[in-house]
Protein chains: 2
Amino acid sequence: MSRTVLVVEDEAPIREMLKFVLEQSGFNIIEAEDYDIAQAKLCEPYPDLILLDWMLPGGSGVQLAKSLKQHEFTRDIPVIMLTARGEEDDKIRGLDAGADDYITKPFSPKELVARIKAVMRRVTPTSNEEPIEFNGLKLEPVSHRVVAKDDPVDMGPTEFKLLHFFMTHPERVYSRELLLDNVWGTNVYVEDRTVDVHIRRLRKAISRHGHDAMIQTVRGAGYRFSAKL
Amino acid sequence: MSRTVLVVEDEAPIREMLKFVLEQSGFNIIEAEDYDIAQAKLCEPYPDLILLDWMLPGGSGVQLAKSLKQHEFTRDIPVIMLTARGEEDDKIRGLDAGADDYITKPFSPKELVARIKAVMRRVTPTSNEEPIEFNGLKLEPVSHRVVAKDDPVDMGPTEFKLLHFFMTHPERVYSRELLLDNVWGTNVYVEDRTVDVHIRRLRKAISRHGHDAMIQTVRGAGYRFSAKL
DNA sequence: GGGATATGTGACACTTTTATTAAAACGATT
DNA sequence: AATCGTTTTAATAAAAGTGTCACATATCCC
């Protein structure tokens with residue numbers, strides 16, 4: 001899952017450096033050198049985070065941050081501001097204007113990446129993590145574990161995701177292609193029949209107490225998870 | 001051991017006064033003037049207590065209290081709210097939202113300090129100092145020791161903190177990054193893989209009676225402490 | 001029944017992730 | 001500044017998971 005970061009920085013060398021460092025760490029980078037360009041580049045691929053130089057010419061860094069927090073579509077994008085050393089006032093005003101974190105300018109790449117990740121982690125809301133149970137087969141997202149009538153069940157990550165998807169979408173047929181989209185993720189190139197193999201592995205994993213019967217083959221259509229046997 | 005108090009108060013004079021009084025009494029003070037700054041300052045050194053003005057502009061005091069109680073890592077931090085005289089409704093709502101105590105605004109320094117200490121006394125033992133035991137592996141925060149079936153177990157400080165975190169958050173997967181956040185601290189920048197090494201050392205330390213089985217690898221997700229096999 | 005089509009299954013070559021180890025870096029203490 | 005114990009990094013080994021194939025089995029339709 002590649003995250004996109006919008007870098008708003010007027011000095012080209014620093015911008016290049018940031019781009020390099022972040023791309024090394026697997027982020028997708030969009031660059032902008034001033035307020036207007038940043039505004040323009042905001043729409044298409046929504047950035048997951050904005051790295052904003054506070055000292056843009058004309059003090060437009062603050063302006064941009066405020067404008068971001070005012071608009072509904074950009075309000076939830078976390079902002080990390082870059083400040084020169086010791087400009088405490090700026091830091092305060094920055095946080096005041098809605099920045100999520102700040103980083104003082106002579107910084108290590110490692111620190112930068114760590115802070116970006118930390119902010120992303122903090123911001124990403126915890127999705128539904130309630131345990132799900134059908135016929136004594138329980139899946140607990142928080143502990144990342146499946147339990148069948150109190151016996152822990154062992155399975156691989158893909159099988160876990162597959163089962164998770166099935167249990168959150170029961171009583172409904174999914175074609176192999178749809179399963180690939182939902183469990184593997186969109187635009188992955190994998191054979192349809194690979195699904196069969198993982199279905200097989202999943203069934204085997206939960207077969208001990210007969211729970212494999214809940215994963216049903218619908219000939220010509222795909223697979224279905226059903227609590228009705 | 002010096003305790004840290006986060007003071008969230010928008011009016012600067014009052015904030016200064018609180019800071020002065022509390023520092024006189026030997027507390028470490030972090031200041032924040034509004035919701036956002038408070039949020040940002042929450043991570044660095046986890047405060048032992050939060051002194052929160054209920055009447056922050058925009059009613060964000062309530063908001064902050066709720067957000068604190070929702071997030072797992074801040075849930076256990078006690079909150080004392082400051083209210084203006086006679087705002088009974090606020091007191092009720094405050095305690096409802098999870099505040100541990102309240103103080104009405106014209107108050108004496110003595111009262112303030114007394115209440116803070118009282119809350120700390122009340123909260124600290126339950127959340128932090130109680131021995132924890134799973135399957136004969138006992139961790140005593142007070143004596144800072146780990147005992148496995150009556151044999152004392154030797155380990156380094158990081159392993160201790162790691163185990164402590166695991167035992168207070170069992171049956172739950174944590175990614176390496178989250179472990180770094182929680183055990184090492186939010187503003188530390190080390191490699192993910194470092195966690196592996198400490199996991200290894202921790203496992204080795206508690207392996208004598210097979211307790212290492214409770215520290216489970218969840219491939220692709222992180223590690224989990226579980227009393228179940 | 002028999003051919004055509006769809007699904008089940010085990011094996012294998014290949015990746016990715018984790019475990020383990022050793023050495024370098026660090027930090028407090030003397 | 002030298003030492004000791006600990007933490008980090010980096011390099012390598014080991015383990016677990018993945019996707020594909022070939023072939024077995026099942027189902028459908030005429």
Side-chain angles (χ1 to χ4, degrees), chain A residues 1-2 24-26 108-111 113-114 144-146 152-166 173-181 183-185 187-207 212-225, chain B residues 144 146 153-166 173-185 187-207 212-225:
Chain A
M1 171 178 45
S2 168
Q24 284 297 313
S25 304
S108 72
K110 194 182 286 182
E111 180 182 359
V113 172
H144 213 275
R145 192 202 303 256
V146 177
V153 177
D154 204 41
M155 64 181 72
T158 307
E159 283 71 58
F160 184 85
K161 278 185 279 182
L162 186 55
L163 180 60
H164 192 322
F165 177 74
F166 271 137
V173 197
Y174 288 94
S175 68
R176 292 175 175 73
E177 287 176 357
L178 274 173
L179 287 173
L180 284 174
D181 279 356
V183 177
W184 276 252
N187 53 29
V188 266
Y189 86 106
V190 173
E191 283 292 318
D192 278 14
R193 296 298 313 277
T194 297
V195 174
D196 294 30
V197 178
H198 285 276
I199 289 280
R200 156 77 178 133
R201 288 173 182 155
L202 176 54
R203 279 175 172 158
K204 195 188 252 179
I206 62 175
S207 64
D212 53 326
M214 287 194 287
I215 294 181
Q216 302 166 353
T217 304
V218 181
R219 194 183 167 80
Y223 297 94
R224 169 182 58 206
F225 181 87
Chain B
H144 216 267
V146 177
V153 177
D154 202 40
M155 65 180 72
T158 305
E159 282 72 56
F160 183 86
K161 276 186 281 181
L162 186 56
L163 181 59
H164 189 298
F165 177 75
F166 270 136
V173 203
Y174 288 94
S175 68
R176 293 176 175 74
E177 289 181 347
L178 278 173
L179 288 172
L180 286 174
D181 278 358
N182 286 289
V183 178
W184 276 252
N187 287 16
V188 175
Y189 313 106
V190 289
E191 287 292 317
D192 280 12
R193 294 268 144 223
T194 299
V195 175
D196 295 30
V197 179
H198 287 274
I199 289 279
R200 154 92 172 113
R201 288 209 281 266
L202 176 54
R203 278 176 172 158
K204 194 186 251 179
I206 62 174
S207 64
D212 53 327
M214 288 195 289
I215 295 180
Q216 302 167 353
T217 302
V218 182
R219 185 168 243 265
Y223 297 95
R224 168 183 60 207
F225 181 89

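First the proteins, then the strands, lettered A, B, ... as listed; each starts at 1.
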Spacing of [atom1] belonging to [X] relative to [atom2] belonging to [Y], to within rounding of 0.5 Å:
{"X": "A:Asp181", "Y": "A:Ser175", "atom1": "CG", "atom2": "OG", "result": "8.0 Å"}
{"X": "B:Arg200", "Y": "B:Ser207", "atom1": "CZ", "atom2": "OG", "result": "8.5 Å"}
{"X": "A:Thr217", "Y": "A:Arg224", "atom1": "OG1", "atom2": "CZ", "result": "9.5 Å"}
{"X": "A:Ile206", "Y": "A:Glu159", "atom1": "CD1", "atom2": "CD", "result": "10.5 Å"}
{"X": "A:Leu162", "Y": "A:His198", "atom1": "CG", "atom2": "NE2", "result": "8.5 Å"}
{"X": "A:Gln216", "Y": "A:Arg203", "atom1": "CD", "atom2": "CZ", "result": "8.5 Å"}

### Query
How large an angle, rounded to 10°, do the end axes of the helix from C:dG1-D:dC30 to C:dT30-D:dA1 enclose when each is built from five base pairs?
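That helix has its two terminal axes inclined by roughly 30°.
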
#### Entry: Positions of residues 195-207 of chain B (non-hydrogen atom under 4.0 Å from DNA chain D), listed by number
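Within residues 195-207 of chain B, the residues near DNA chain D are B:Val197, B:His198, B:Arg201.
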
Any protein N or O atoms within reach of nucleotides 23-28 of chain D? Criterion: under 3.5 Å, listing atom names and distances.
unit_1 : atom_1 : unit_2   : atom_2 : d
D:dT27 : O2     : A:Arg219 : NH2    : 3.2

In this structure, how many angstroms lie between the [atom2] atom of [N] and the [atom1] atom of [X], rounded?
{"X": "A:Asp192", "N": "D:dG19", "atom1": "CG", "atom2": "P", "value": "13 Å"}
{"X": "A:Arg176", "N": "D:dT20", "atom1": "CZ", "atom2": "C1'", "value": "15 Å"}
{"X": "A:Phe160", "N": "D:dT18", "atom1": "CZ", "atom2": "P", "value": "13 Å"}
{"X": "A:Leu163", "N": "D:dG17", "atom1": "CG", "atom2": "P", "value": "15 Å"}
{"X": "B:Met155", "N": "D:dG5", "atom1": "CE", "atom2": "P", "value": "18 Å"}

### Task
Please check if atom CD in A:Glu177 has more than 12 non-hydrogen atoms from other residues, nucleotides or ligands closer than 6.0 Å.
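Counting neighbours around CD of A:Glu177, 12 or fewer heavy atoms of other residues, nucleotides or ligands fall under 6.0 Å, so no.
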
### Message
Test of understanding: with side-chain contact (heavy atoms from CB on, under 4.5 Å), list the residues that count as partners of B:Val197, not counting sequence neighbours.
### Response
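B:Val197 satisfies side-chain contact (heavy atoms from CB on, under 4.5 Å) with B:Arg201 only.
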
### Query
So, do A:Glu191 and A:Arg176 sit near enough that their side-chain heavy atoms are less than 4.5 Å apart?
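Contact flag for A:Glu191/A:Arg176 side chains = no.
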
### Query
How about B:Leu163 and B:Met214: do any of their side-chain heavy atoms sit closer than 4.5 Å?
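They are not in side-chain contact.
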
### Message
Is there a side-chain contact between B:Thr194 and the phosphate of D:dT9, meaning an N or O under 4.0 Å from OP1 or OP2?
### Response
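Yes.
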
### Query
Is the shortest side-chain N/O distance from B:Trp184 to OP1 or OP2 of D:dT7 below 4.0 Å?
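No, because none of the side-chain N or O atoms of B:Trp184 sits under 4.0 Å from OP1 or OP2 of D:dT7.
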
### Task
Provide the start and end nucleotides, 5' to 3', of the part of DNA chain C that has atoms under 4.0 Å from heavy atoms of chain B.
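Both ends considered, the range comes out as C:dT16 to C:dT21.
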
### Task
Name the residue closer to the 5' end of DNA chain D, choosing between A:Gly156 and A:Tyr189 according to the nucleotide with the nearest heavy atom.
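Nearest nucleotide further toward 5': that of A:Gly156.
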
### Query
Hey, which of these two, A:Asp154 or A:Val190, hits DNA chain D nearer its 5' end, going by closest nucleotide?
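Mapping each residue to its closest nucleotide by heavy atoms, the 5'-most match is A:Asp154.
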
### Task
Taking all heavy atoms of A:Asp154 and all of A:Ala205, pick out the closest pair and write down the distance.
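For A:Asp154 versus A:Ala205, the nearest heavy atoms are O-CB, 3.6 Å.
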
#### Entry: Residues that B:Tyr223 engages under ring-ring contact (aromatic ring centres under 6.0 Å, His included), provided they are two or more places apart
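For B:Tyr223 there are no ring-ring contact (aromatic ring centres under 6.0 Å, His included) partners, ignoring immediate neighbours.
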
So what does [X] touch, heavy atoms closer than 4.0 Å: a base, only the sugar-phosphate, or nothing?
{"X": "A:Tyr223", "value": "sugar-phosphate"}
{"X": "B:Thr158", "value": "sugar-phosphate"}
{"X": "A:Thr217", "value": "sugar-phosphate"}

### Task
Hey, can you tell me if A:His144 and A:Phe160 have their rings parallel, tilted or perpendicular (30° and 60° cut-offs)?
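Taking A:Phe160 first and then A:His144, their aromatic rings lie parallel (interplane angle under 30°).
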
### Query
side-chain contact (heavy atoms from CB on, under 4.5 Å) between A:Ile199 and A:Phe166: does it pass, once the steps are laid out?
CA-CA 11 Å; A:Ile199 289 280; A:Phe166 271 137; 3.8 Å; yes

